[in-house]
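All residue numbers refer to positions in the sequence shown, counting from 1. These numbers come from the heavy atoms of this one structure, side chains and all, not from hydrogens, waters or symmetry mates.
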Amino acid sequence: PRGGRIPDDEKGYKLDLFCVPKHYEEDLDQVIIPHGLIMDRTERLARDIVRDMGGHHIVALCVLKGGYTFFADLLDYIKALNQNSDKSVPLTVDFIRLKSYCNDQSTNIVKVIGGDELSTLTGKNVLIVEDIVETGRTMETLLSLLSECNPKMVKVVSLLVKRTPRSSGYRPDYIGFEVPDSFLVGYALDYNEYFRDLSHICILNENAKEKYKV
């Protein structure tokens, strides 16, 4: 599976072309994926998911916190398809929290919060919704835990997949955009809890890494 590929030398867009919160203007290098483009791509992902998983009851599993905005928008598009087509798919939702971050380096320790409830997914068709796959190890850990619960089917959709030498080689079933190995914030991607209130996906500058460091 391949998403929209954003090249490593992508110059992006100047901040003054878009509405960016005043308090972040000094922290960002450029807008790399504008909000409108995210929405258009999400609409197509919803169509592909319904095509492949339609006819089955889907349990959409949101990976918090980053995935919540993408999750809500993706489900809105799936609901719109349900209401406006001859074929609709029953949909329920659940939430899980994975913790594998400290500042701008992914740690190797993955903590699953809410993992005790995964047993309810036995025999179900599960769609895991994630904001970004970097090394892939976090998702591989979750998939391993899920497999012990014997779901009927598991598909993963990630808005972003990062091209990085640290990658385990894991690829989700559905990919929004393949992005360079830069530190990205916005559209619910955070840096130590900041930047979740930024609509566009932007590249964080070096000064901001220091400014918002824990």
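- Distance CD1/Ile128 to CG/Leu142: 4.5 Å, rounded to 0.5 Å.
- Interatomic distance, Asp27 CG to Glu206 CD, rounded to the nearest 0.5 Å: 12.5 Å.
- For Tyr191 and Tyr212, the ring centers sit 6.0 Å or farther from each other.
- Residue pairs meeting the ring-ring contact (aromatic ring centres under 6.0 Å, His included) criterion with at least one partner in residues 24-53, sequence neighbours excluded, are Tyr24-Phe195, His35-Tyr187.
- Atom OG1 of residue Thr42 and atom CD1 of residue Ile49 lie 9.5 Å apart, to the nearest 0.5 angstrom.
- Atom-to-atom distance recorded for Leu121:CG and Ser147:OG is 12.0 Å, nearest 0.5 angstrom.
- Under the side chain to side chain donor-acceptor pair (under 3.5 Å) criterion, Asp8 pairs with Arg163, not counting sequence neighbours.
- The pair Asp48-Arg44 meets the salt-bridge criterion, with a side-chain N (NZ, NE, NH1 or NH2) lying under 4.0 Å from an Asp/Glu carboxylate O.
- Here the closest non-hydrogen pair linking Val185 and Leu198 is O-CD2, 4.1 Å.
- The CD1 atom of Ile132 sits 8.0 Å away from the CD1 atom of Ile201 when rounded to the nearest 0.5 Å.
- Under the salt bridge (charged side-chain N to carboxylate O under 4.0 Å, His left out) criterion, the residue pairs touching residues 179-198 are Lys65-Glu193, Arg166-Asp181, Asp190-Arg196, Glu193-Arg196, with sequence neighbours excluded.
- Salt-bridge formation is not detected for the pair Arg137/Glu140: no Lys NZ or Arg NE/NH1/NH2 atom is positioned less than 4.0 Å from an Asp or Glu carboxylate oxygen.
- The shortest heavy-atom contact between Val156 and Asp173 is N-OD2, 2.7 Å.
- Legend: residues meeting ring pair (Phe, Tyr, Trp, His ring centres under 6.0 Å) with Tyr68, ordered by chain and number and at least two apart, are absent.
- Under a 3.5 Å cut-off, the side chain of Lys209 and the backbone N or O of Asn205 do not form any donor-acceptor pair.
- Within a 6.0 Å radius of OH in Tyr77, other residues, nucleotides and ligands contribute more than 12 heavy atoms.
- Legend: residues meeting side chain to side chain contact (heavy atoms under 4.5 Å, CB included) with Ser167, ordered by chain and number and at least two apart, are Thr164.
- In this structure, OG in Ser182 is found 7.0 Å from NZ in Lys162, a value given to the nearest 0.5 Å.
- Contacts of Phe70 classified as ring pair (Phe, Tyr, Trp, His ring centres under 6.0 Å), with partners at least two apart in sequence or in another chain: none.
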